[in-house]
Amino acid sequence: MGAATDGAAAWDARLGWAFGLTAEDPAERAAALDALADARGNVRAALGRYNELWSLNLPQAGKDPWQDPVFLRAYEAYREAGRHALPDALWNRPPGDIRTWPGLPYALLFLEWEARFPQEWTRHAKKWGTKQLLLRAVAVPGHGETVRTKLTDLVEIVVRRPYRCKDREYVRVARAIDSEDLRRRLETAARSDTPWARRHAGYVLRLLDHPEVPNTIHVWQKWLATEQLG
């Protein structure tokens with residue numbers, strides 16, 4: 001679902017409203033949330049119809065539902081509905097360079113929404129697996145300056161807030177986009193009065209300085225224990 005190889009204009013036509021999810025204006029965010037609710041309602045309705053037809057076809061031994069044009073239309077309707085909603089439109093990304101994927105701005109938007117407005121993201125589109133997969137996908141070198149700046153901003157936001165599920169994946173991103181600007185921001189966060197900012201930023205800095213150290217849960221927990229003792 002959502003893996004079509006169409007261009008940026010088609011993505012914008014389907015999902016341009018979604019940029020309102022990260023707007024500073026509460027009214028603009030509310031309008032985007034309404035649009036998301038409508039889109040997700042369409043997905044649920046299409047999925048319900050698809051499941052209904054699957055159930056009707058399943059008991060019939062020897063009958064292949066994929067040969068039934070009504071069933072196929074229901075399946076395509078479900079896929080199409082997902083292309084207009086988040087996070088569904090980001091699933092099943094086609095193989096290839098994510099840096100040239102027309103859906104990349106919406107992948108970054110989904111991550112920014114979770115970073116800046118975590119409660120709204122959790123209430124309306126919580127998908128920890130999608131967050132993890134996107135972070136791993138964008139953690140590659142060679143992004144353009146606009147994307148690098150966005151990713152740098154996200155790393156800084158995340159290390160300054162209380163830890164959330166899959167935030168440790170941002171170490172991959174930091175390693176992929178390592179720069180003097182990123183390190184300056186992390187060093188500032190590591191001197192913060194906020195304990196979690198100091199611990200998280202310090203951890204990312206340590207792993208930037210020691211690329212041989214794996215970013216495992218054991219290493220993370222050992223760092224937290226050491227920092228708490230300190």
Please tabulate, for side-chain N and O atoms in residues 36-45, each donor-acceptor pair with protein atoms closer than 3.5 Å (sequence neighbours left out).
| unit_1 | atom_1 | unit_2 | atom_2 | d |
| --- | --- | --- | --- | --- |
| R40 | NH1 | L86 | O | 3.3 |
| R40 | NH1 | D88 | OD1 | 2.3 |
| N42 | ND2 | D38 | O | 3.4 |

* To do: May I ask you to check whether over 12 heavy atoms, not counting those of R29, lie within 6.0 Å of atom CZ?
  => yes
* Might you confirm whether atom NE2 of H210 has over 12 heavy atoms from other residues, nucleotides or ligands at distances under 6.0 Å? => yes
* Please name the residue in the list K126, K127, R161 that meets the salt bridge (charged side-chain N to carboxylate O under 4.0 Å, His left out) test with E114. => R161
Using distance only, find each side-chain donor-acceptor pair of residues 190-197 under 3.5 Å and give its atom names and separation, not counting sequence neighbours.
| unit_1 | atom_1 | unit_2 | atom_2 | d |
| --- | --- | --- | --- | --- |
| R191 | NH1 | E187 | O | 3.4 |
| S192 | OG | T194 | N | 2.9 |
| S192 | OG | T194 | OG1 | 3.4 |
| W196 | NE1 | R160 | O | 2.8 |

* To do: Tell me, yes or no, whether the heavy-atom count around K131 atom NZ, taken from other residues, nucleotides or ligands under 6.0 Å, exceeds 12.
  => yes
* **Reported CG-to-NZ distance for the pair L108 and K150, which is rounded to 0.5 angstrom** => 7.5 Å
* Which atom of I157 lies closest to which atom of A115, heavy atoms considered -> CG2-O, 3.6 Å
* **Over-ring placement of R206 relative to W223, 6.0 Å and 45° cut-offs** => no
* Structure fact -> Heavy-atom closest pair (P102 atom, G7 atom, distance to 0.1 Å) is CB-C, 3.8 Å
* **pair R99-V140: side-chain heavy atoms closer than 4.5 Å** => yes
* Write down the atom of D167, the atom of P162, and the distance for their closest heavy-atom approach. => OD2-O, 4.2 Å
* Any idea which heavy atoms bring T130 and P87 closest together, and the distance? -> CG2-CB, 4.1 Å
* What's the verdict on side chain to side chain contact (heavy atoms under 4.5 Å, CB included) for V219 and Y203, showing C-alpha distance, side-chain angles and the deciding distance? -> CA-CA 9 Å; V219 171; Y203 176 76; 3.9 Å; yes
* **W128 side, atom CH2; L133 side, atom CG - distance, nearest 0.5 Å** => 14.0 Å
* Aromatic ring centroids of F110 and W121 under 6.0 Å? -> yes
* Run the numbers on R83 and E80 for salt bridge (charged side-chain N to carboxylate O under 4.0 Å, His left out), then give the verdict. => CA-CA 5 Å; R83 283 155 50 86; E80 180 60 25; 2.9 Å; yes
* According to the interplanar angle, ranging from 0 to 90°, do the rings of F19 and Y106 count as parallel (below 30°), tilted (30 to 60°) or perpendicular (above 60°)? -> tilted
* Identify, with sequence neighbours excluded, every residue that meets side chain to side chain contact (heavy atoms under 4.5 Å, CB included) alongside D34. => none
* Rounded to the nearest 0.5 Å, how far apart are CG of L154 and CG of L111? -> 6.5 Å
* Atom CH2 in W11, atom CH2 in W101: separation rounded to 0.5 Å? -> 4.5 Å
* To do: Under the side chain to side chain contact (heavy atoms under 4.5 Å, CB included) rule, what do L33 and R123 come out as? Steps first, then yes or no, please.
  => CA-CA 11 Å; L33 288 171; R123 190 178 308 118; over 6 Å; no
* When rounded to the nearest 0.5 angstrom, what is the spacing between CG in L53 and CZ in R73? -> 9.5 Å
* Ring centres of H200 and W220 under 6.0 Å apart? -> yes
* To do: State which residues pass salt bridge (charged side-chain N to carboxylate O under 4.0 Å, His left out) with D25; sequence neighbours excluded, sorted by chain then number.
  => none
* Structure fact -> When rounded to the nearest 0.5 Å, the distance separating NE2 of H143 from CG of L104 is 6.5 Å
* Asked: Quick one: do R172 and E169 make a salt bridge, cutoff under 4.0 Å?
  -> yes
* So, the side chain of N215 versus the backbone of R168: is there a donor-acceptor pair under 3.5 Å, distance only? -> yes
* To do: Please report the shortest heavy-atom distance between A89 and L15, naming the atom on each side.
  => CB-CD1, 3.6 Å
* **side chain to side chain donor-acceptor pair (under 3.5 Å) partners of D209, counting only residues at least two apart** => R183
* From CA spacing to verdict: side chain to side chain contact (heavy atoms under 4.5 Å, CB included), R175, L208 -> CA-CA 6 Å; R175 282 174 160 172; L208 288 179; 3.8 Å; yes
* Looking only at heavy atoms, which two atoms of D6 and A10 are closest? And how far apart? -> OD2-CB, 3.5 Å
* To do: Applying side-chain hydrogen bond (donor to acceptor under 3.5 Å, both in side chains), run through D68 and Y75 and close with a yes or a no.
  => CA-CA 11 Å; D68 182 345; Y75 175 68; over 6 Å; no
* For R148, salt bridge (charged side-chain N to carboxylate O under 4.0 Å, His left out) partners two or more places apart -> none
* Asked: Is there a side-chain contact between V155 and L186 (heavy atoms, below 4.5 Å)?
  -> yes
* Using the side chain to side chain contact (heavy atoms under 4.5 Å, CB included) rule, take Y78 and R49 through it: C-alpha gap first, then chi angles, then the decisive distance, then the call. => CA-CA 8 Å; Y78 169 52; R49 175 60 173 162; over 6 Å; no
